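All remarks here apply to the structure that follows.
In this chain, numbering begins with 1 at the start of the sequence shown. What you see is a predicted model; the values in this text were computed from it and never measured.
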Amino acid sequence: MITIKSPREIEAMRRSGELLASIHIKLKEMIKPGITTWELDKFVEKEIIAGGGIPEQIGFEGYEYATCQSLNDEICHGFPTKKPLKNGDLITVDTVVNLDGAMSDSAWSYLVGDVSDEVQRLYDVTHTALYKGIKQAVVGNRIGDIGHAIQSYVEPEGFSVVREFIGHGIGPTMHEAPEVPHYGLPGKGLRLKEGMVITIEPMVNTGAWRAKMDKNGWTARTIDGGLSCQFEHTLAITKDGPVILTDQGEKR
């Protein structure tokens, strides 16, 4: 069932999103060669708690960490480890904040040190794709308009859009209807209504879009060893257009 949020509920989710966004901003300064994703996970957990929130991912279906951290060929749901990041790596940090019952969800990719031209272009295209999708998240449009805007931009750039993992509704639970694919046809799918809160979170690969699962049952990685990148915002559908609840204040 799709829940329509009141202005009061959206404001509460915005406060949750502000806490989450502030953590991503701090991570930008921390992520350098030599740091471990384990250290980053513990930092995020402490920051959420210090801000009065709950790291919602801990305990979700048995998951043990405050973050998912996906490195290079990992698409999503990578586990934090004590292996240091290397110069040239591409890392995505994904976390969910519960602040007084209000949820926010945001994943962000980071460039570790000096990266290759391929990594930089994948990063840039994925980042742009996120905002092309958000631009379509307006009252009266359909879910397919979001996915089409992303897919029709990414594929001509020579990359592929992951299909097994998609965006979703959020609040009061972490994952709820509607499903928000990052591919599709314009004018198709559920019509967007004022008060919906969704995530848009394109995962873009340098090679094929298909994924394979690690033995841990969580981590998905590219089937051909290619690189993967992801950006995600939580946003509200309003009469004045999409309002990004996890906005980091960046130029776009």
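- Atom CG of D117 has 12 or fewer heavy atoms from other residues, nucleotides or ligands within 6.0 Å.
- E194 is linked by a side-chain contact (heavy atoms from CB on, under 4.5 Å) to V139, K239, counting only residues two or more places apart in sequence or in another chain.
- Side-chain contact between V204 and L122 is present, with heavy atoms from C-beta onward closer than 4.5 Å.
- A donor-acceptor pair under 3.5 Å is formed between the side chain of T3 and the backbone N or O of G171.
- Taking CZ of R142 as the reference point, atom CG of L192 lies at 9.0 Å (rounded to 0.5 Å).
- Salt bridge status for K26 with E47: present, with a side-chain N to carboxylate O gap under 4.0 Å.
- A heavy-atom distance below 4.5 Å is not found between the side chains of W218 and E64.
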- Query: Under the side-chain contact (heavy atoms from CB on, under 4.5 Å) criterion, do I10 and V243 qualify, and how do the steps go?
  - Reply: CA-CA 10 Å; I10 291 173; V243 174; 5.9 Å; no
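- Remark: D124 does not engage R121 in a salt bridge, criterion side-chain N to carboxylate O under 4.0 Å.
- Here the side chains of H175 and I170 are not in contact, with every heavy-atom distance at 4.5 Å or above.
- Using a 4.5 Å heavy-atom threshold, the side chains of L71 and D89 count as touching.
- H148 and Y183 have their aromatic ring centers separated by at least 6.0 angstrom.
- Shortest non-hydrogen contact noted between Q69 and T37 is NE2-O, 2.8 Å.
- Defined by atom type and a distance below 3.5 Å, a donor-acceptor pair is present between the side-chain atoms of E56 and N98.
- Between atom SG of residue C68 and atom CD of residue E74 there is a gap of 10.5 Å, rounded to the nearest 0.5 Å.
- Linking ILVMFWY side-chain heavy atoms closer than 4.5 Å, directly or via other members, places F43 and I35 in a single hydrophobic cluster.
- Between F79 and Y63, the ring centre distance stays below 6.0 Å.
- Defined by atom type and a distance below 3.5 Å, a donor-acceptor pair is missing between the side-chain atoms of T222 and N205.
- Y123 and E118 share no side-chain donor-acceptor pair at under 3.5 Å.
- Ring pair F165/H77: centre-to-centre distance below 6.0 Å.
- In the hydrophobic cluster analysis, where Ile, Leu, Val, Met, Phe, Trp and Tyr join through side-chain heavy atoms closer than 4.5 angstrom, V97 is grouped apart from I54.
- Inter-residue side-chain proximity for S109 and L90 is flagged as met; some heavy-atom pair is nearer than 4.5 Å.
- With rounding to the nearest 0.5 angstrom, the CG atom of D114 is 10.5 Å from the CD atom of Q120.
- By the salt bridge (Lys or Arg N to Asp or Glu O under 4.0 Å) test, K135 is found to be paired with no residue, residues two or more places apart in sequence or in another chain being considered.
- Rounding to the nearest 0.5 Å gives a distance of 6.0 Å between CD1 of I23 and CG of L20.
- Scored by the salt bridge (Lys or Arg N to Asp or Glu O under 4.0 Å) test, K5 finds E176 as partners (sequence neighbours excluded).
- The side-chain heavy atoms of T36 and L85, taken from C-beta on, include no pair separated by under 4.5 Å.
- In plain terms, the two heavy atoms of Q151 and V161 that are nearest each other are CA-CG2, 4.1 Å.
- For the residue pair D145 and Q136, the shortest heavy atom distance occurs at O-CG, 3.5 Å.
- A 4.5 Å side-chain heavy-atom check between M203 and C76 finds at least one atom pair inside the cut-off.
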- Check the pair E250 / Y131 against side-chain hydrogen bond (donor to acceptor under 3.5 Å, both in side chains), numbers first and verdict last. CA-CA 12 Å; E250 61 171 358; Y131 288 104; 2.3 Å; yes
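- For the residue pair V180 and H168, the shortest heavy atom distance occurs at CG2-N, 3.8 Å.
- Checking side-chain atoms of D214 against main-chain N and O of N216 turns up no donor-acceptor pair under 3.5 Å.
- Here the two rings, on H233 and W108, have centers that are under 6.0 Å apart.
- Summarising the geometry, atom OG1 belonging to T126 is positioned 13.5 Å from atom CD belonging to E232; distances are rounded to the nearest 0.5 Å.
- Cluster annotation: M196 is not connected to L245 through the hydrophobic network of ILVMFWY side chains, with a link wherever side-chain heavy atoms come within less than 4.5 Å.
- Two rings, from F231 and H24, have their centers 6.0 Å or more apart.
- Contact of the T199 side chain with the L235 side chain is not registered, since no non-hydrogen atoms from C-beta on lie closer than 4.5 Å.
- Note that CG of N72 and CZ of R221 are 9.5 Å apart. Values are rounded to the nearest 0.5 Å.
- Nearest approach of D41 to A66, heavy atoms of both residues: OD1-N, 3.1 Å.
- A donor and an acceptor atom, one from each side chain of T234 and S104, are nowhere located under 3.5 Å apart.
- No salt bridge links R8 with E11; every basic N to acidic carboxylate O contact stays at or beyond 4.0 Å.
- Residue-environment remark: NZ (K188) stays at or below the threshold of 12 foreign heavy atoms within 6.0 Å.
- Note on I25: it does not cluster hydrophobically with L19, by side-chain heavy-atom contacts below 4.5 Å among ILVMFWY residues.
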- Message: Is there a side-chain contact (heavy atoms from CB on, under 4.5 Å) between E18 and L99? Walk through the geometry before answering.
- Response: CA-CA 10 Å; E18 284 182 346; L99 183 65; over 6 Å; no
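- The minimum heavy-atom distance between P55 and I48, with the atom names listed, is N-CG2, 3.6 Å.
- By the criterion of side-chain heavy atoms lying less than 4.5 angstrom apart, applied directly or through intervening Ile, Leu, Val, Met, Phe, Trp or Tyr residues, L40 is not grouped with Y65; the two fall into different hydrophobic clusters.
- Shown here is K28, whose NZ atom has more than 12 heavy atoms of other residues, nucleotides or ligands within 6.0 Å.
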